[in-house]
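Below: the structure, in structure tokens.
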Amino acid sequence: MFGSVAGIVLTYPVFLSLQSGDPVLAALGMTALGVIAVGATAASTGTFLTNLFPTRYRFTGVATARELNGALVAGPTPLIATALVVAARGGLWLVVLFVIAACLVSLLAVVATPKRIGDLQPEEASGPSVIASAERVSDGAGGGDTPGNRR
């Protein structure tokens, strides 16, 4: 959530720094955006995505969400930004609005996502390897601090 808000707040100043013609100011703006907004978003994405899906479907859900985002959103973004610059006759204000809109969509998605308290425990396991492992532990052969395994 912080990354989305930082993106909303920092986008316009960063684009101003890029248009300033001063390479130091442009570098500072890009660094601020990268460290604060992108860093905060990237740091929390893994936890956020894994908590969206039950354990049984987690890998498929996270992979699908990340790859669809890459194909449908991140992939065409440079093309969209170029078209917006052309539409604005060289101005960047439409690109600024596009980036802010993307940050708003992210923020709204995070806020609208229900909390999954209590659904984060592993689902009931019933496979043969789990049963065999449980039997070994009950026999004392499973290691750990069982009566048959103390030294």
Side-chain angles (χ1 to χ4, degrees), residues 1-137 142-144:
M1 193 173 339
F2 175 77
S4 296
V5 172
I8 292 166
V9 171
L10 291 174
T11 296
Y12 182 67
V14 167
F15 274 85
L16 284 178
S17 74
L18 293 174
Q19 288 183 311
S20 72
D22 182 3
V24 174
L25 193 57
L28 287 174
M30 290 300 293
T31 302
L33 186 66
V35 170
I36 298 170
V38 176
T41 303
S44 61
T45 298
T47 302
F48 179 76
L49 287 177
T50 56
N51 284 328
L52 290 176
F53 305 99
T55 307
R56 171 177 253 157
Y57 308 108
R58 188 163 290 157
F59 179 81
T60 302
V62 170
T64 302
R66 288 182 54 92
E67 298 311 314
L68 281 176
N69 173 62
L72 301 176
V73 179
T77 294
L79 179 64
I80 293 168
T82 301
L84 292 173
V85 169
V86 170
R89 298 175 195 239
L92 296 177
W93 64 275
L94 287 176
V95 179
V96 170
L97 292 177
F98 176 73
V99 173
I100 290 172
C103 291
L104 281 171
V105 168
S106 295
L107 180 63
L108 293 174
V110 169
V111 170
T113 301
K115 304 278 186 241
R116 289 191 47 223
I117 312 271
D119 188 29
L120 299 177
Q121 280 74 31
E123 297 170 357
E124 295 288 324
S126 61
S129 62
V130 173
I131 293 170
S133 177
E135 289 172 354
R136 278 190 307 226
V137 170

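What's counted below: heavy atoms across the whole structure, side chains too, no hydrogens, waters or symmetry copies.
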| query | Does any N or O in the side chain of Thr50 come within less than 3.5 Å of the main-chain N or O of Thr47, such that one atom is a donor and the other an acceptor? | reply | yes
Could you tabulate the donor-acceptor pairs under 3.5 Å formed by side-chain atoms of residues 20-41, not counting sequence neighbours?
residue : atom : partner : partner atom : Å
Ser20   : OG   : Ser17   : O            : 2.7
Ser20   : OG   : Asp22   : N            : 3.1
Asp22   : OD1  : Val24   : N            : 3.2
Thr31   : OG1  : Ala27   : O            : 2.7
Thr41   : OG1  : Ala37   : O            : 2.8

Could you pull out all donor-acceptor pairs under 3.5 Å where a side-chain atom in residues 97-113 meets a protein atom, sequence neighbours excluded?
residue : atom : partner : partner atom : Å
Ser106  : OG   : Ala102  : O            : 3.2
Thr113  : OG1  : Ala109  : O            : 2.5

Enumerate, atom names and distances included, each donor-acceptor pair closer than 3.5 Å involving a side-chain atom of residues 65-94, sequence neighbours excluded.
residue : atom : partner : partner atom : Å
Thr77   : OG1  : Val73   : O            : 2.5
Thr82   : OG1  : Pro78   : O            : 2.8

One should read off an interatomic distance between Tyr57 OH and Thr64 OG1, to the nearest 0.5 angstrom, of 13.0 Å
